[in-house]
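Only a predicted model underlies this, so the values are computations on that prediction, with no experimental measurement involved. A note on names: the letters A, B, ... follow the listed sequences, proteins ahead of strands, and every chain is numbered from 1.
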Amino acid sequence: MPNLVNETAVVRKPAWRSMKRHWQLYLVILLPLLYLVIFKYVPMAGIVIAFKDYNVIKGIWGSPWVGLKYFGQFFNSPNFWLYIKNTLGISLYGLLIGFPAPIILALALNEIRNGLFKKSVQLVTYAPYFISTVIMVSIIIVNLTPNVGMISKFFAMLGVENTNFMGIPGLFKSIYVWSDVWQFTGYGAIIYIAALAGVNPELYESAKVDGASRIQKIINIDIPSLIPVSVILLILNLGNIMKLGFEKIYLMQNPLNLSTSEVISTYVYKVGLLGSSFSFSAAIGLFNSIINLILLVSVNYIAKKLSNNSLW
Amino acid sequence: MINATRIQESKGDRLFLGLVYLFLTVILLIVALPLIYILSSSVSSPQAVVSGKVWLFPVDFTLAGYKAVFNNAQIGVGYMNSLFYTVVGTIINVLLTIMLAYPLAKKTFYGRNFVMVLLVITMMFDGGLIPFYMVVKNLHLLDTRWAMILPGALAVFQVIVARTFFQTSIPDELAEAAELDGCSDIRFIWSIVLPLSKPIIAVMTLMYAVGHWNAYFDALIFLRSPDLFPLQIILRNILILNTVDPSMMANVDQMQAQQGLRDLLKYSLIVVASAPVLIIYPFVQKHFVKGVMIGSLKG
């Protein structure tokens, strides 16, 4: 028995001693922790505003509770289903096109031995990632300007003349998604190229000896080796479905395309900050975050069951 | 080497490789052409641009658009503001990220699992726009330069990448040896960890700096005074909302010419605003790819 007491003492003492000896590390971490609390955790607590009738004078805590009133107001608003449909529509379309694109680019680049051509393709395709959203939207707009922009001139050659592409509601999703593909495919491919670089070269050698063609090699070696990393990225993407990029959509909106371009994030901004309905807007934001969280957790669960790859 | 005994490529393989080259060439063109078009338009005459004569190469070379850009006081103010936010913001970002990541990388740091959980939670759930805005408002940061720096002083993803780097490349024995020699933790971070972490610091600096240079959303919701506006807000006013201050074209009398110059200004502005990042990018590309790979190891 005395042995046991002695042991716990031995275990405990160093922990306390090491804390004392490394007090400077605790000092160092204090400032970033303070940041986390103030700018990440206080806003989480601020969510209560969604369940209150926020009044500027009374403050968050002084305002009266109203329960789910604002959630009900959102669910019953005439445009509720439209915004849900737009958010999900743009997201899923983007995922369908945007998810495989970098994988295909990485597989193609992997076929080519190191050389000037490979390097130029990489250099050029990564570059658009660094372009700001404002500039990106401007590039879209100038390239689509009727009769002037490069893309509109290209369509004019095909017979579609003098069209204001940005004003056609049905085209909004495609413009959004394909411009995203243009901007982010090169960057997205980096991680897959890294994964392909990690494949054991002996696999390729023995495949060659067995007389496998390049296509067989891609199907039997390359694609299986990309599955773990792509599952992780797919979970992350699916978990962000409701968090559609506010900036780009907001900048691409115009009165003509609103029927297909208004999504939950732009609506939250307009109602909340421009319209000053803080509680209503916070309720919509919370609804969005919860759907997102549910998606992330369930997709992760499914991926774990099916493929043994998961975030946690 | 193995190359000496290489097995000859079959016909099918050579055809496939040819298709791959063709595919990548098409991709290369699709990405590059819109950028070349903008570059060429920015140095073409306004008439040529408006009448749709510009395809790939400049028509009637002129620098009038660039002159208009550099003569615009608003753009100058925005450029300087963005520079300020980028430099100060990035320094704070990098310092705070290291201050959080290093203790978390130490196995002996008591409470590190708890802090990691705190971090990961913030990646999955947040309070949303309105509560975030109210925190900034209650701290009286609205319409101050701090609003562009403090609310985004740290990116959790970068912390996790940096922590992975410290764990894998700073051996525990090094810290123990330094400790035996009487080196304090802060001194150790400063004189040993930082010099050994140049690659990850370079990557972090680039990522944070690009983020600040391109920041638009924070400025949109937190700033009201035009003299605090970063370049991106001014770009949006000119490029997307199409509100060009007529005084910037004081020398041009004709309405038509004004409209032409206004369009030309857009192209020049896109080039000028993207230049800093795109010029630095090829030099840091190597580090950048490395950084993405470090992050993907244990993300």
Practice task
Go through the atoms of B/S41 and report whether side chain, backbone, both or neither lie under 4.5 Å from a heavy atom of chain A.
Solution key: neither
Exercise for the section: Identify which part of A/I141 has an atom lying under 4.5 Å from any heavy atom of chain B, answering side chain, backbone, both or neither. Expected result: side chain
Exercise for the section: Search all heavy atoms of A/V148 against all heavy atoms of B/V49 and return the closest pair with its distance. Expected result: CG1-O, 3.2 Å
Exercise for the section: Select one option (side chain, backbone, both, neither) describing which atoms of B/V159 are under 4.5 Å from chain A's heavy atoms. Expected result: neither
Exercise for the section: Let me know if A/Y269 has heavy atoms under 4.5 Å from chain B in its side chain, its backbone, both or neither. Expected result: both
Completion exercise
Honestly, the part of A/T133 sitting under 4.5 Å from a heavy atom of chain B is neither
Practice task
Examine whether an atom of A/F278 lies under 4.5 Å from a heavy atom of chain B, and if so say whether it belongs to the side chain, the backbone or both; otherwise answer neither.
Solution key: both
Problem - A/F130 CZ to B/L278 CG distance, which is reported to the nearest 0.5 Å - result: 8.5 Å
Problem - Distance in Å, A/I135 CD1 paired with B/Q232 CD, rounded so as to fall on 0.5 Å steps - result: 6.0 Å
Completion exercise
Turns out that what part of A/L236 lies under 4.5 Å from chain B's heavy atoms comes down to neither
Handout entry: Heavy-atom contact with chain B under 4.5 Å, split by part of A/L36
Key = side chain
Practice task
State whether the side chain of A/Y41 and the backbone N or O of B/L118 hold a donor-acceptor pair below 3.5 Å, judged by distance alone.
Solution key: yes
Handout entry: Which atoms of A/N147 approach chain B - backbone, side chain, both or neither, heavy atom under 4.5 Å
Key = backbone
Exercise for the section: Measure the spacing between NE2 of A/H22 and CZ of B/F188 and express it to the nearest 0.5 Å. Expected result: 10.5 Å
Handout entry: Which atoms of A/I49 approach chain B - backbone, side chain, both or neither, heavy atom under 4.5 Å
Key = side chain
Exercise for the section: Side chain from CB out, backbone as N, CA, C, O: work out which of these in A/I60 comes under 4.5 Å of a heavy atom of chain B, or both, or neither. Expected result: side chain
Handout entry: Side-chain donor or acceptor of B/W213 paired with backbone N/O of A/S132 under 3.5 Å
Key = no
Practice task
Using non-hydrogen atoms and a 4.5 Å limit, figure out which bit of A/L286 sits close to chain B: side chain, backbone, both or neither.
Solution key: side chain
Handout entry: Choice from B/F125, B/F132, B/Y267 maximising heavy atom contacts with chain A below 4.5 Å
Key = B/F125
Exercise for the section: Name the region of A/L233, side chain, backbone, both or neither, that has any atom closer than 4.5 Å to a heavy atom of chain B. Expected result: neither
Practice task
Measure across A/V124 and B/V31 and return the closest heavy-atom pair with its distance rounded to 0.1 Å.
Solution key: O-CG1, 3.5 Å
Problem - Distance (rounded to the nearest 0.5 Å) between A/Y26 OH and B/D185 CG - result: 10.0 Å
